[in-house]
Amino acid sequence: MTIKESLKWAEDLLNKNKIRDSKISASFLLFQVLNKNLEYIYANLNKKLSLKQEKTYKNWVERRSKHEPVWQIIGKLKFWGMDFIVNQDVLIPRQETEILIQEVLENIKNDKQNISILDIGTGSGAIICALKKELPNSICSASDISERALIVAKKNAKNLNLEIDFKKGDLFEPWGDNKFDIVVTNLPYIPNERLPYLDEDVIRYEPLIALDGGINGTEVYKRFLNQIKKHVTKSTVIYCEIDHTHSKLIIKMAEKIFSNFKIKILSDYANKERFMIIKFE
């Protein structure tokens, strides 16, 4: 098959199986197989694939036709300029999460400080690895309730030569009475009733434990806020990724737990309220 024939075959199969962005998926998987950029592909449409390339491409496209995300098919994803291993044990890091990292960095006046950073529900380790990369003198820790997720996170940190203390446990359980300067988290926040309506790519191939936020989607965050009290100082800042419908609910929770604090809400690229920053006074 030529590149042109391969692309047409792939797009037809993906369209038949109602895969969103079928043309993008077909092109992306092909340039991953060929290890070439998109410009090369469209400049060489009549070039034939080798038998090995054709076999790999067909396998990948068939997997994509069953709604498996392209990132899991190729086994990696670029986040904050770094390559991260991803599989079905972790949520796929979204580009919008980089907004949270940017906010942390903008709020730190002196990156030479030995600040302590904790990432709760680390998943692939994308957030804590990005922060450690940008703040090499920081003391970084991360935890997750999933042992399988931690295996992925540890591999990512090792591949990136980043020193991070990983522990298994639910929320703050592994951290005793330790206090932290910065706490970041992207906890499960999808309400039960919305789970069946998620994209098939998500609900079939990403871990439910990292998505399910309980009846109204805020149950895990409620436990998080109640537990965090003994892990903060007056200067601690909390950075959370939340559901775009939950800001008012979580603010009310925080008001019942804390005193003398300020909350800042940030929007994502779609202008939806997605991030919450809690600062103590």
Side-chain angles (χ1 to χ4, degrees), residues 1-99 123-127 129-130 146 148-149 151-160 186 190 195-208 210-211 268-270:
M1 292 173 71
T2 64
I3 287 177
K4 184 177 181 179
E5 291 169 340
S6 300
L7 285 172
K8 186 179 186 308
W9 170 82
E11 288 178 36
D12 288 346
L13 180 62
L14 297 178
N15 283 327
K16 180 181 178 181
N17 287 277
K18 298 179 180 179
I19 301 300
R20 188 174 58 182
D21 300 327
S22 58
K23 185 173 183 178
I24 294 174
S25 290
S27 300
F28 177 79
L29 290 174
L30 185 56
F31 74 67
Q32 290 291 326
V33 168
L34 299 177
N35 195 27
K36 302 288 186 180
N37 58 31
L38 204 56
E39 289 76 13
Y40 173 89
I41 288 176
Y42 286 103
N44 295 273
L45 291 174
N46 294 320
K47 184 177 177 61
K48 282 193 173 185
L49 277 65
S50 70
L51 291 177
K52 182 179 180 180
Q53 289 170 337
E54 184 176 329
K55 181 179 180 181
T56 299
Y57 186 57
K58 285 185 174 181
N59 174 261
W60 284 7
V61 172
E62 286 168 359
R63 288 170 64 182
R64 181 71 187 116
S65 73
K66 298 174 184 177
H67 290 272
E68 186 174 356
V70 294
W71 312 113
Q72 291 182 0
I73 292 171
I74 68 172
K76 63 181 180 180
L77 170 126
K78 193 169 288 293
F79 179 86
W80 201 258
M82 300 181 287
D83 286 329
F84 284 89
I85 297 168
V86 291
N87 59 26
Q88 294 186 30
D89 297 322
V90 297
L91 284 184
I92 297 171
R94 270 61 173 182
Q95 186 181 10
E96 64 191 10
T97 301
E98 293 188 352
I99 296 173
S124 67
I127 293 176
C129 285
S146 167
R148 296 178 71 88
I151 291 173
V152 176
K154 289 176 181 178
K155 284 181 180 179
N156 282 323
K158 182 179 180 180
N159 290 345
L160 296 165
N186 181 8
I190 306 298
L195 288 172
Y197 302 99
L198 295 176
D199 286 347
E200 283 192 63
D201 298 28
V202 175
I203 198 64
R204 289 173 60 179
Y205 290 97
E206 298 193 61
L208 181 63
L211 298 166
D268 60 16
Y269 298 123

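This chain uses plain numbering: 1 for the first residue, then up along the sequence. Values below: every heavy atom of this structure, side chains too, minus hydrogens, waters and symmetry copies.
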May I ask you to decide if [Y]'s main-chain N or O and [X]'s side chain share a donor-acceptor pair within less than 3.5 Å?
X    : Y    : result
N37  : Y40  : yes
N15  : E11  : yes
N156 : G125 : no
E206 : Q88  : no
N87  : D89  : yes
Q32  : L29  : no
Q72  : P69  : no

Say you draw a straight line from [atom1] of [X] to [atom2] of [Y]; how long is it, rounded to the nearest 0.5 Å?
X    : Y   : atom1 : atom2 : answer
N59  : E54 : CG    : CD    : 12.5 Å
D201 : K66 : CG    : NZ    : 14.5 Å
N44  : E39 : CG    : CD    : 11.5 Å
Y205 : I73 : OH    : CD1   : 8.0 Å
K55  : L51 : NZ    : CG    : 10.0 Å
I92  : T97 : CD1   : OG1   : 12.0 Å

Quiz item: Using the benzene-type ring in the case of Trp, are the ring centres of W71 and F79 under 6.0 Å apart?
Solution: no

Side-chain contact test, heavy atoms from C-beta onward, threshold under 4.5 Å: evaluate it for [X] versus [Y] and give yes or no.
X    : Y    : answer
K76  : F84  : no
D12  : K16  : no
Q95  : Y269 : yes
V202 : L211 : yes
L38  : F28  : no
L77  : D83  : no

Exercise. For I24 and V70, run side chain to side chain contact (heavy atoms under 4.5 Å, CB included): C-alpha distance rounded to whole Å, both residues' side-chain angles, the deciding distance at 0.1 Å, then the answer.
Key: CA-CA 10 Å; I24 294 174; V70 294; over 6 Å; no

Exercise. Could you tell me which residues satisfy side chain to side chain contact (heavy atoms under 4.5 Å, CB included) with E200, sequence neighbours excluded, listed by chain and number?
Key: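 Partners of E200 by the side chain to side chain contact (heavy atoms under 4.5 Å, CB included) criterion, ordered by chain and then number, come out as H67, R204.
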
Exercise. Over all heavy atoms of both residues, which pair between W80 and E98 is shortest? Give the atoms and the distance, please.
Key: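 Nearest pair, atom of W80 first, then E98: N-OE2, 2.7 Å.
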
Quiz item: If you take all heavy atoms of I19 and S65, which pair is closest and at what distance?
Solution: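 In this case the closest contact between I19 and S65 is CD1-O, 3.7 Å.
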
Self-check item: Worked verdict on D199 versus R20 for salt bridge (charged side-chain N to carboxylate O under 4.0 Å, His left out)
Solution: CA-CA 10 Å; D199 286 347; R20 188 174 58 182; 2.8 Å; yes

Quiz prompt | Full working for side chain to side chain contact (heavy atoms under 4.5 Å, CB included) between L45 and T2 | solution = CA-CA 7 Å; L45 291 174; T2 64; over 6 Å; no

Quiz item: Among N17, L13, L14, which one satisfies side chain to side chain contact (heavy atoms under 4.5 Å, CB included) with R64?
Solution: L14

Quiz item: Going through the checks in order, is the side chain to side chain contact (heavy atoms under 4.5 Å, CB included) test met by I85 and S124?
Solution: CA-CA 7 Å; I85 297 168; S124 67; over 6 Å; no

Exercise. Return yes when atom CG of N35 has more than 12 non-hydrogen atoms of other residues, nucleotides or ligands closer than 6.0 Å, and no otherwise.
Key: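 Open.
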
Practice problem: Report the C-alpha separation of M82 and L160 in whole Å, then their side-chain angles, then the decisive distance to 0.1 Å, and conclude whether the side chain to side chain contact (heavy atoms under 4.5 Å, CB included) test is met. | Solution: CA-CA 8 Å; M82 300 181 287; L160 296 165; 3.9 Å; yes

